[in-house]
Structure formats: structure tokens, C-alpha cells
Amino acid sequence: MGMKLEVRNLTFSYDGSRKIFEDISFQYHSPRVFCILGPNGTGKSTLLRCMINELRAQSGSVFINDAQAGAYNARELARIIAYIPQNHYPAFPFPVLDIVMMGRISRMGYLANPGKMERKIAMEKLEFLQIGHLKDKPYTDISGGERQLVMLASALAQEPDLLILDEPTAHLDFGNQYRFIQLVKRLAANGTGVLMTTHFPDHPLELNSLTAILKDGKMIGIGNSEELLTDRNLTDLYNIRVSVESVGRKRICVPGGFHEECI
Ligand SMILES: Nc1ncnc2c1ncn2[C@@H]1O[C@H](COP(=O)(O)OP(=O)(O)OP(=O)(O)O)[C@@H](O)[C@H]1O
């Protein structure tokens with residue numbers, strides 16, 4: 001059926017005076033992929049945390065399936081949305097498989113212990129992401145990129161309608177970044193929505209996603225990646241010359257410009 005997320009006139013401040021962003025509004029329907037681009041410190045993570053009810057906006061509202069986000073308790077929200085923050089610091093050396101099984105909590109009865117089915121689903125998600133070999137390793141003893149994939153496995157085990165991912169490729173190697181983007185395409189094709197922030201404009205171009213540009217506390221553009229991510233818009237956004245080029249059937253962004261000296 002898909003889910004609907006609506007952000008209406010959202011304004012946020014951490015200290016009550018400096019506005020991190022102001023009057024942000026958009027509508028999103030899953031399973032389309034939605035990417036949010038913006039320079040460092042523009043409030044992308046803060047916006048995501050407002051969407052999942054972790055931070056309370058100064059004004060404006062977030063609606064999930066037409067109900068105020070605040071009306072859902074954590075368990076109800078976890079059945080709809082799985083969120084992976086930009087950084088997660090492991091506190092305990094739980095085995096990786098247990099971490100992935102934790103993704104099942106919102107799907108289990110109150111006071112129930114994870115059983116065979118939870119174990120099977122968790123293992124399937126690890127295998128799906130080609131990290132089954134990590135299942136018995138302590139979560140504290142794996143690399144940043146491996147942790148990111150384990151978090152993704154746990155989020156997938158949650159079987160949400162929407163994945164909200166904060167810079168999901170930040171720790172991934174070149175190959176895993178590509179595999180990850182292909183995975184996002186597959187998830188969307190199978191009905192799971194993905195809303196993600198990224199520092200790589202190539203990602204929304206590859207995903208042909210709905211894309212929003214955040215700059216100086218405002219959402220200055222939203223639309224199809226192909227139309228929104230022009231040389232001009234990317235040059236203005238990142239303050240370097242950028243040209244968007246066709247290579248075969250792909251569109252890629254070239255920082256410094258294709259025919260220019262790097263600046
Ligand atoms: N807990 C906090 N308290 C006060 N200010 C904060 C807090 N977290 C973030 N900020 C500030 O809010 C602004 C937006 O931060 P945020 O992390 O949302 O940006 P971002 O666009 O996700 O950045 P990046 O791309 O670097 O991850 C920044 O100026 C940051 O310093």
C-alpha cells in the first residue's frame with residue numbers, strides 16, 4: 001500500500017534562538033527513493049531526527065500516514081519506519097546476529113524472547129547483504145563499514161515501510177557504495193521506501209530519485225534528480241564548479257568541471 005510522510009512548515013532550533021532550518025515543507029509517498037542533499041552542517045540529520053520524533057520542532061508538524069508523528073509510540077513507529085543514524089557507537093560487545101535480531105523487537109509480542117523465526121530472518125538479512133560471515137563477531141570488533149551494513153541488516157529485519165538513512169554510504173568502500181545504491185533500487189522496486197541524505201549527487205542521479213536541496217536553513221529545491229541536479233544548482237550548492245556529464249547511459253557529476261582547471 002505504501003506510506004505517506006508529510007512535513008509542514010517545520011522550523012527547528014537547538015537553543016531556541018538560532019534556527020537550523022525554517023519553514024520546510026514537502027510530501028513523500030513510498031516506495032519512491034527520496035534523497036536530501038546539502039553541504040555540511042545544513043541540518044539534514046536534524047531534519048531526519050525531527051521526522052522520526054526524536055527531536056521536537058519549534059513549529060510546524062510531521063504527519064505519518066496522515067497522523068501526527070507524535071501520536072505514535074516508539075513500537076508503532078518502528079513498524080512503519082526504520083532509522084539508521086549517521087554514527088552509531090556500540091556500547092556492548094553483542095554478537096552481530098543478536099544486533100540484527102534486535103530489529104525484530106517491534107514485530108514480537110511484549111515480553112517475548114527472540115525465537116527461531118527471528119534468528120532465521122536476521123540471518124537472511126545478513127546473507128542478503130553478504131555479511132553472513134560476521135554473525136558471531138562482537139559488534140564492537142568490526143569495522144565502521146561493516147557496522148553500517150549490520151545496522152542496515154537490523155533495519156531490514158524490522159520490515160518497515162520506510163527506511164530513513166543518514167548518509168548510509170559514509171563508511172562504505174567504492175564497491176559497497178555501488179552495491180548499496182543497487183540495493184536501494186531493489187528495495188524501492190519491492191515496495192520499501194527509502195529516504196536518505198547523501199553527500200554524493202551521483203547517488204540521486206543513479207537512483208533517479210525525488211531529490212531535495214537544503215541550503216542555509218531552507219529547502220531551496222525539490223524535484224526529480226535529473227531536472228534538479230544541474231551544473232548551475234550544484235555549483236551554487238557546493239561553491240565549486242560542477243558539471244553534470246553523460247557517460248554512456250549514466251549521468252555523473254564532475255567536481256571542478258569537465259573542461260576546467262580544478263578550483
Ligand atoms: N545537539 C546539538 N546541539 C546544538 N547544535 C547542534 C546539535 N547537533 C547539531 N547541531 C548544529 O546544527 C547544525 C546542523 O547540524 P546537522 O548535523 O543537522 O547537519 P548536517 O547537514 O547533517 O551536517 P553533515 O552533512 O556535516 O552531517 C550544525 O550547525 C550543527 O553544528
Side-chain angles (χ1 to χ4, degrees), residues 5-26 28 33-62 64 69-70 74 77 81-91 143-145 147-149 151-152 155 162-174 176-177 180-181 184 193-207 209-223 225 228-229 233-240 242 253 255:
L5 176 79
E6 188 177 357
V7 167
R8 284 191 206 156
N9 308 108
L10 213 62
T11 296
F12 182 87
S13 168
Y14 281 102
D15 60 8
S17 62
R18 182 171 83 99
K19 286 176 182 157
I20 302 298
F21 51 76
E22 192 171 10
D23 205 20
I24 303 271
S25 296
F26 64 85
Y28 164 80
V33 181
F34 182 18
C35 292
I36 301 179
L37 283 180
N40 289 128
T42 35
K44 301 179 296 300
S45 303
T46 306
L47 179 59
L48 298 194
R49 292 175 67 201
C50 288
M51 285 180 210
I52 56 147
N53 234 354
E54 197 177 284
L55 293 174
R56 189 177 289 260
Q58 216 173 22
S59 60
S61 322
V62 176
I64 295 166
L77 200 58
I81 295 177
Y83 161 68
I84 307 184
Q86 192 174 345
N87 295 305
H88 26 90
Y89 303 102
S143 76
R147 268 208 293 278
Q148 213 154 15
L149 291 170
M151 280 290 104
L152 182 60
L162 175 65
L163 283 165
I164 295 189
L165 310 173
D166 198 355
E167 286 175 45
T169 60
H171 297 280
L172 300 185
D173 70 38
F174 194 59
N176 272 336
Q177 288 207 18
F180 175 82
I181 295 299
V184 168
V194 179
L195 189 160
M196 58 184 258
T197 62
T198 177
H199 283 303
F200 300 98
D202 287 337
H203 291 166
L205 285 171
E206 171 76 18
L207 290 163
S209 66
L210 176 67
T211 301
I213 293 180
L214 212 58
K215 192 180 185 197
D216 299 332
K218 302 269 185 203
M219 190 169 274
I220 57 168
I222 183 163
S225 53
L228 190 71
L229 302 181
N233 285 347
L234 290 170
T235 297
D236 287 350
L237 184 63
Y238 295 111
N239 278 325
I240 54 163
V242 180
C253 300

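All values below come from the heavy atoms of this structure, side chains included, with hydrogens, waters and symmetry mates left out. Numbering of ligands and ligand atoms starts at 1, following listing order.
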Query raised in the report: Side chains of Asp23 and Ser25: donor-acceptor distance under 3.5 Å anywhere?
Result: no
Query raised in the report: Taking Lys44 for the side chain and Gly38 for the main chain, is one N or O donor matched with an acceptor at less than 3.5 Å?
Result: yes
Report task. May I ask you to decide if Ser17's main-chain N or O and Gln58's side chain share a donor-acceptor pair within less than 3.5 Å? Result -> no
Query raised in the report: Taking atom types as modelled, is there a side-chain donor on Asp166 or Thr197 under 3.5 Å from an acceptor on the other?
Result: yes
Query raised in the report: Between Tyr14 and Phe12, what is the ring plane arrangement, given parallel below 30°, perpendicular above 60°, and tilted in between?
Result: perpendicular
Report summary line: When every non-hydrogen atom of Ile24 is compared with those of Gly217, the smallest separation belongs to CD1-O, 4.3 Å
**Report entry** Neighbour list for ligand 1 [protein residues, heavy atom under 4.0 Å]
**Finding:** Tyr14, Arg18, Ile20, Pro39, Asn40, Gly41, Thr42, Gly43, Lys44, Ser45, Thr46, Gln86, Glu167, His199
